[in-house]
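Okay, so here's the structure we're looking at.
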Amino acid sequence: MRNDIVCKFGGTSLANSENIKKVKNIVLGDKKKFVIVSAPGKRFKEDEKITDCLINGFNKSKSGENFENEFNFFKTRYLEIANEFNLSIDLTKDFQDLYSKLKDHTDYDYVVSRGEYFSAKLIALILGYNFLDAATFITFLDDKKVDLEISKQKFLTQIKQNQNYVISGFYGADKKGNIVTFSRGGSDISGAIVACLLNAKVYENWTDVNGFLSADPKLCKSASLIEKLNYRELRELSYMGANVLHPDCVKFLRENNIVLNLRNTFNPTCKGSLIMPDNKKLTQDKLTGIAGQKGFTIIHIDKFDINESLGIIAKIANIIKKYNVSIEHIPTGIDTVSVIAKTKFLSQETRQAMINEIYKEINPDRLDVIENVALISVVGNKLKDDINSEKQVFDALYSSNTKIITLNKGADGISVIFAVPEKTFEKTIDFLYNSLFN
């Protein structure tokens with residue numbers, strides 16, 4: 001039976017003793033059994049995140065520079081937490097081990113993982129919980145993918161019924177016991193993995209926002225909290241720039257049908273956003289959200305009967321793949337193909353080489369490069385089944401008086417994606433939000 005709730009607290013939630021007390025009240029108040037923690041984040045605007053401090057220290061050591069300031073900064077942060085909570089713990093050996101690894105500068109993953117390691121040790125004492133080192137059970141294969149079966153076997157042999165645990169996020173170990181880290185923000189993944197290993201009912205991700213919003217509040221001041229959405233909607237919005245969670249975290253939870261609850265440490269009475277498995281039918285009376293990004297380039301290829309010529313689109317895709325450029329979208333017409341890619345991957349040299357090869361292999365009638373493009377996506381399950389919602393989106397687009405460069409309804413039917421000039425991005429997002437969500 002899926003009863004366990006796994007919760008993860010981010011760096012802001014653990015930045016100082018005042019915030020940690022909030023975490024303590026949340027955990028003990030609701031008697032949460034499994035807690036995953038990040039390294040402490042910034043205490044104030046000019047402060048440095050612990051993980052950034054460790055990265056800087058490692059890089060300085062590797063280049064032969066003095067790393068004492070970084071090491072002392074790290075040490076002081078944790079000693080301050082220990083002193084403020086009157087913890088009886090001797091961290092001398094752990095500090096010595098970190099100093100040696102910094103000095104040796106050969107084990108990057110070990111060094112940058114120590115923020116979460118020390119954090120979990122201290123939070124466990126503060127809560128009166130057991131400390132569990134993620135390296136003892138999260139097991140990486142040679143391709144840096146996690147082996148869930150082996151991880152589960154190791155995990156279940158260590159935990160005991162009616163015991164509570166604080167677990168270090170962000171890292172695990174390979175089969176030889178060497179520390180391996182996830183990419184930045186990887187504590188989200190650690191929490192998701194623990195939820196999977198326990199077959200948990202809910203994974204709570206505690207951060208510094210109330211939940212997932214229907215738009216970027218920097219662009220739409222009246223952006224509202226989305227109380228419920230499913231993983232497919234979340235993926236669509238996240239892909240278009242609404243990044244609150246690590247994408248690999250979502251992958252693990254989605255595949256195992258675990259409910260994700262995004263919560264705010266600093267406003268715990270708010271129930272946050274519930275992200276539901278795709279097989280759960282949600283009753284929604286409005287669209288879910290709108291998101292977008294700048295920084296795209298479109299390569300527009302015009303050739304008579306291009307869609308009737310076998311293999312041409314595959315040839316175009318292979319040419320682009322050859323230059324390690326990821327294709328975001330490929331809108332097509334009877335005689336046209338538009339390839340949309342992120343501008344940051346298209347240096348002038350790469351772009352020209354690709355264009356030369358397209359001319360050589362495809363011999364287009366015309367090829368245009370459209371720069372300074374933004375993509376916007378309107379997302380909602382209602383778009384799939386409710387023709388009035390679709391009409392509402394297209395009417396709003398028409399009323400916005402924005403030049404639409406490309407327009408595409410996603411194959412799954414829950415999103416409408418379109419390209420606009422970057423200079424109209426903010427205005428278009430704001431207009432559409434007010435038309436569709438207010």
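These figures come from a predicted structure and were not determined experimentally.
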- Query: Under 3.5 Å, side chain of Ser151 to main-chain N/O of Thr139, donor-acceptor pair present?
  - Reply: yes
- Task: Check step by step if ring pair (Phe, Tyr, Trp, His ring centres under 6.0 Å) holds for Tyr203 and Phe34.
- Result: CA-CA 10 Å; Tyr203 169 48; Phe34 296 93; over 10 Å; no
- Enclosure of Glu68 CD (heavy-atom neighbours >12, cutoff 6.0 Å): yes
- Query: Does any non-hydrogen side-chain atom of Leu98 lie less than 4.5 Å from one of Leu54?
  - Reply: yes
- Give a yes or no on this: more than 12 heavy atoms of other residues, nucleotides or ligands lie within 6.0 Å of atom NZ of Lys315. no
- Taking the six-membered ring for Trp, are Phe118 and Tyr78 parallel (under 30°), tilted (30 to 60°) or perpendicular (over 60°)? tilted
- Item | Sidechain-backbone polar pair: Thr350 side chain, Leu346 backbone, donor-acceptor under 3.5 Å | no
- Query: Any side-chain donor paired with an acceptor under 3.5 Å for Asn19 and Ser17?
  - Reply: no
- Query: Of all heavy-atom pairs between Gly41 and Asp47, which one has the smallest distance, and what is that distance?
  - Reply: O-OD2, 4.3 Å
- Task: Would you check, one step at a time, whether the test salt bridge (Lys or Arg N to Asp or Glu O under 4.0 Å) holds for Asp188 with Lys8?
- Result: CA-CA 7 Å; Asp188 284 348; Lys8 175 259 174 182; 2.9 Å; yes
- Query: Will you find, in the side chains of Thr402 and Thr424, an N or O donor that is under 3.5 Å from an N or O acceptor?
  - Reply: no
- Note on the structure: Between Cys270 and Leu225 the two heavy atoms that sit nearest each other are SG-CD2, 4.0 Å
- Using the ring of Tyr231 (Phe, Tyr or Trp, six-membered ring only), decide whether Arg235 places NZ or CZ under 6.0 Å from its centre and within 45 degrees of its axis. no
- Task: Please indicate whether Lys144 has more than 12 foreign heavy atoms, meaning atoms of other residues, nucleotides or ligands, lying under 6.0 Å from its NZ.
- Result: yes
- Message: For the backbone of Ala223 and the side chain of Ser214, can you confirm whether one donor and one acceptor N or O come within less than 3.5 Å of each other?
- Response: no
- Message: Apply side chain to side chain contact (heavy atoms under 4.5 Å, CB included) to residues Tyr433 and Ser222 and explain how you reach the verdict.
- Response: CA-CA 9 Å; Tyr433 183 82; Ser222 60; 3.4 Å; yes
- Return yes if some donor-acceptor pair links the side-chain N/O of Asp104 with the main-chain N/O of Ser100 below 3.5 Å, else return no. no
- Query: Among side-chain atoms of Asn56 and Glu48, is any donor-acceptor pair under 3.5 angstrom?
  - Reply: yes
- Does the side chain of Val35 reach to within under 4.5 Å of the side chain of Phe9, using non-hydrogen atoms? yes
- Whether Phe95 and Phe71 hold their rings parallel, tilted or perpendicular, with breakpoints at 30° and 60°: perpendicular
- Ala341 versus Val325, closest heavy-atom pair with distance: CB-CG1, 3.7 Å
- Residue among Tyr171, Phe140, Phe252 satisfying ring-ring contact (aromatic ring centres under 6.0 Å, His included) with Phe182: Phe140
- Query: Out of curiosity, Lys286 NZ to Asn381 CG, how far, rounded to the nearest 0.5 Å?
  - Reply: 14.5 Å
- Message: Can a side-chain donor-acceptor contact be found between Glu357 and Tyr323 if the only test is distance below 3.5 angstrom?
- Response: yes
- Heavy-atom side-chain proximity of Ile81 to Ile126 below 4.5 angstrom: yes
- Query: Is the number of heavy atoms from other residues, nucleotides or ligands within 6.0 Å of CZ (Phe85) greater than 12?
  - Reply: yes
- How far does CZ of Arg184 sit from OG1 of Thr181, to the nearest 0.5 angstrom? 10.0 Å
- Query: Is the backbone of Lys32 close enough, under 3.5 Å, to the side chain of Asp30 for a donor and an acceptor to pair up by distance?
  - Reply: no
- Message: For Lys49, I'd like to know if atom NZ has over 12 heavy atoms of other residues, nucleotides or ligands within 6.0 Å.
- Response: no
- Heavy atoms of other groups near Lys154 NZ, more than 12 under 6.0 Å: yes
- Determine yes or no for a side-chain-to-main-chain donor-acceptor pair under 3.5 angstrom, with Glu227 supplying the side chain and Ser273 the backbone. no
- Task: Would you check, one step at a time, whether the test side chain to side chain contact (heavy atoms under 4.5 Å, CB included) holds for Ile123 with Lys24?
- Result: CA-CA 9 Å; Ile123 299 301; Lys24 182 178 180 180; over 6 Å; no
- Query: Quick one: does Ser61's side chain have a donor or acceptor within less than 3.5 Å of a partner on Gly57's backbone?
  - Reply: no
- Are any side-chain N or O atoms of Asp133 and backbone N or O atoms of Tyr117, one a donor and one an acceptor, separated by less than 3.5 Å? no
- Query: Mind checking whether Thr297 and Arg351 have side chains closer than 4.5 Å, heavy atoms only?
  - Reply: yes
- Message: Looking at every non-hydrogen atom in both residues, tell me the closest pair between Ile414 and Leu383 and how far apart they are.
- Response: O-CD1, 3.6 Å
- Task: With the side chain counted from C-beta on, respond yes when Lys218 and Glu426 share a heavy-atom pair under 4.5 Å apart, and no when they do not.
- Result: no
- Check whether any side-chain heavy atom of Glu371 lies under 4.5 Å from a side-chain heavy atom of Thr343, and answer yes or no. no
- Item | Criterion side chain to side chain donor-acceptor pair (under 3.5 Å) on Thr92 and Asp94, from CA distance to verdict | CA-CA 6 Å; Thr92 304; Asp94 288 320; over 6 Å; no
- Query: If only atom types and distance count, is the side chain of Asn210 paired as donor or acceptor with the main-chain N or O of Asn264 below 3.5 Å?
  - Reply: no
- Intermediate values then yes/no, side chain to side chain contact (heavy atoms under 4.5 Å, CB included), Glu84 and Ile20: CA-CA 11 Å; Glu84 285 167 357; Ile20 292 171; over 6 Å; no
- For residues Arg77 and Ala15, report the shortest heavy-atom separation together with the two atoms involved. NH2-O, 3.1 Å
- Message: Evaluate Lys75 against Leu79 for side chain to side chain contact (heavy atoms under 4.5 Å, CB included), listing each step before the verdict.
- Response: CA-CA 6 Å; Lys75 185 176 178 179; Leu79 289 177; 3.8 Å; yes
- CG of Asn69 to NZ of Lys60: how many Å apart, nearest 0.5 Å? 6.0 Å
- Task: Could you tell me whether Tyr99 and Phe74 have their ring centroids closer than 6.0 angstrom?
- Result: no
- Which pair of non-hydrogen atoms, one from Ile327 and one from Ala317, has the smallest distance, and what is that distance? CD1-CA, 4.1 Å
- Item | Tyr110 six-ring face occupied by Lys101 cation (under 6.0 Å, within 45°) | yes
- Note on the structure: CG of Asn130 to CD of Gln158, rounded to nearest 0.5 Å, is 11.0 Å
- Task: Could you tell me whether a side-chain N or O of Ser187 sits under 3.5 Å from a main-chain N or O of Gly185, the two making a donor and an acceptor?
- Result: no
- Message: To the nearest 0.5 Å, what is the distance between NZ on Lys251 and CD1 on Ile189?
- Response: 10.0 Å
- Task: Check the pair Lys382 / Glu233 against salt bridge (Lys or Arg N to Asp or Glu O under 4.0 Å), numbers first and verdict last.
- Result: CA-CA 11 Å; Lys382 278 180 71 67; Glu233 291 174 303; over 6 Å; no
- Message: For Glu349 and Ser347: C-alpha separation, side-chain torsions, deciding distance, then whether side chain to side chain donor-acceptor pair (under 3.5 Å) applies.
- Response: CA-CA 5 Å; Glu349 183 180 354; Ser347 66; 5.3 Å; no
- Query: Looking at OG of Ser338 and CG of Asp368, how far apart are the two atoms once the value is rounded to the nearest 0.5 Å?
  - Reply: 9.0 Å
- Message: Would you say CG of Asn438 has more than 12 non-hydrogen atoms from neighbouring residues, nucleotides or ligands within 6.0 angstrom?
- Response: yes
